[in-house]
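I have placed the structure first, in the form of structure tokens, so that the comments after it can refer back to it.
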Amino acid sequence: MTITQVALVEDDTGMRERIARVVGADPSLALAFSASNATDILDWLVDNPVDVLLVDLGLPDQPGLQVIRQCRSTQPACAVMVLSIFGDEANMVQAFEAGASGYLLKDGTEADLATHIRHLRAGGSPMSPVIA
């Protein structure tokens with residue numbers, strides 16, 4: 001079985017830990033790195049290729065959109081999925097324009113998160129039902 005390497009940037013400690021638990025509980029996924037801000041994840045991504053990057057849009061130091069753009073530039077093979085509290089059309093459109101392939105709302109995504117990550121890795125575009 002191929003293990004999907006996942007990186008995560010999320011400033012909320014509780015949410016970051018919950019996502020890490022979900023990823024860690026799935027034998028087909030491995031959490032390669034977890035960061036609380038854009039600077040740390042972008043510095044790490046320079047030398048560490050991953051399959052999937054999970055990005056919060058509301059980061060303390062730089063917008064998540066900037067993280068998406070930079071990741072797509074440095075790691076074109078990496079699939080990016082937004083995990084956000086922002087369910088409005090403007091944020092969603094901007095995220096996809098920046099290079100995201102999936103967009104999930106934080107409310108209730110945890111139960112299906114591993115499935116969504118595998119779907120994204122396989123070329124899909126997971127979205128929360130309210131957005132789709």
Side-chain angles (χ1 to χ4, degrees):
M1 166 175 46
T2 304
I3 305 293
T4 298
Q5 296 295 317
V6 179
L8 161 68
V9 58
E10 164 63 63
D11 64 320
D12 180 273
T13 304
M15 179 58 74
R16 193 171 58 249
E17 290 170 353
R18 285 191 296 278
I19 294 168
R21 274 195 304 275
V22 169
V23 171
D26 189 299
S28 70
L29 306 175
L31 186 62
F33 189 71
S34 174
S36 62
N37 61 63
T39 302
D40 289 351
I41 193 74
L42 291 173
D43 288 349
W44 186 85
L45 285 170
V46 170
D47 297 315
N48 298 279
V50 290
D51 302 310
V52 171
L53 175 63
L54 305 176
V55 180
D56 177 22
L57 292 181
L59 298 171
D61 54 345
Q62 294 181 52
L65 293 172
Q66 185 58 36
V67 173
I68 297 168
R69 286 187 198 97
Q70 219 160 322
C71 176
R72 298 297 299 141
S73 167
T74 60
Q75 294 198 30
C78 178
V80 179
M81 182 153 51
V82 171
L83 296 176
S84 182
I85 59 169
F86 304 114
D88 59 288
E89 185 176 353
N91 274 300
M92 187 191 70
V93 168
Q94 287 178 329
F96 282 109
E97 286 175 347
S101 300
Y103 197 107
L104 298 175
L105 294 178
K106 287 181 184 174
D107 57 348
T109 58
E110 292 165 50
D112 300 320
L113 183 59
T115 302
H116 290 309
I117 292 170
R118 288 192 302 273
H119 181 63
L120 181 78
R121 179 75 174 114
S125 185
M127 275 185 257
S128 292
V130 71
I131 292 173

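Given the structure is predicted, the values throughout are model-derived calculations rather than measurements.
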Sub-4.5 Å side-chain heavy-atom contact between [X] and [Y]:
X     : Y     : value
Leu42 : Gln62 : yes
Ile41 : Val67 : yes
Phe86 : Gln94 : no
Ile68 : Leu57 : yes

Could you pull out the closest heavy-atom pair between [X] and [Y], with the gap in Å?
X      : Y      : answer
Ser125 : Phe96  : OG-CE2, 3.9 Å
Ser128 : Leu105 : OG-N, 2.7 Å
Leu8   : Ala20  : CD2-N, 4.5 Å
Arg72  : Cys78  : NH1-O, 2.5 Å
Val22  : Ala114 : CG1-N, 3.9 Å
Ala100 : Val82  : CB-CG2, 4.0 Å

Within the distance-only criterion (no hydrogens, no angle test), does the side chain of [X] pair as donor or acceptor with the backbone N or O of [Y] below 3.5 angstrom?
X     : Y     : answer
Thr4  : Leu29 : no
Arg69 : Ala98 : no
Gln75 : Val50 : yes
Asp61 : Ala38 : yes

If I take atom [atom1] from residue [X] and atom [atom2] from residue [Y], how far apart are they, to the nearest 0.5 angstrom?
X      : Y      : atom1 : atom2 : value
Leu83  : Ile117 : CG    : CD1   : 7.5 Å
Met92  : Glu97  : CE    : CD    : 10.0 Å
Ser101 : His119 : OG    : NE2   : 10.5 Å
Glu17  : Met15  : CD    : CE    : 11.5 Å
Leu45  : Asp40  : CG    : CG    : 11.0 Å
Leu113 : Leu54  : CG    : CG    : 6.0 Å

Query raised in the report: Pairs in or reaching into residues 77-90: which pass side-chain hydrogen bond (donor to acceptor under 3.5 Å, both in side chains), with residues at least two apart or in two chains?
Result: Asp88-Asn91

Query raised in the report: For residues 10-68, which residue pairs qualify under ring pair (Phe, Tyr, Trp, His ring centres under 6.0 Å), counting only residues two or more places apart or in two chains?
Result: Phe33-Trp44

Query raised in the report: Are the charged groups of Asp56 and Lys106 less than 4.0 angstrom apart, N to O?
Result: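 Here Asp56 pairs with Lys106 in a salt bridge, since their nearest N and O are under 4.0 Å apart.
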
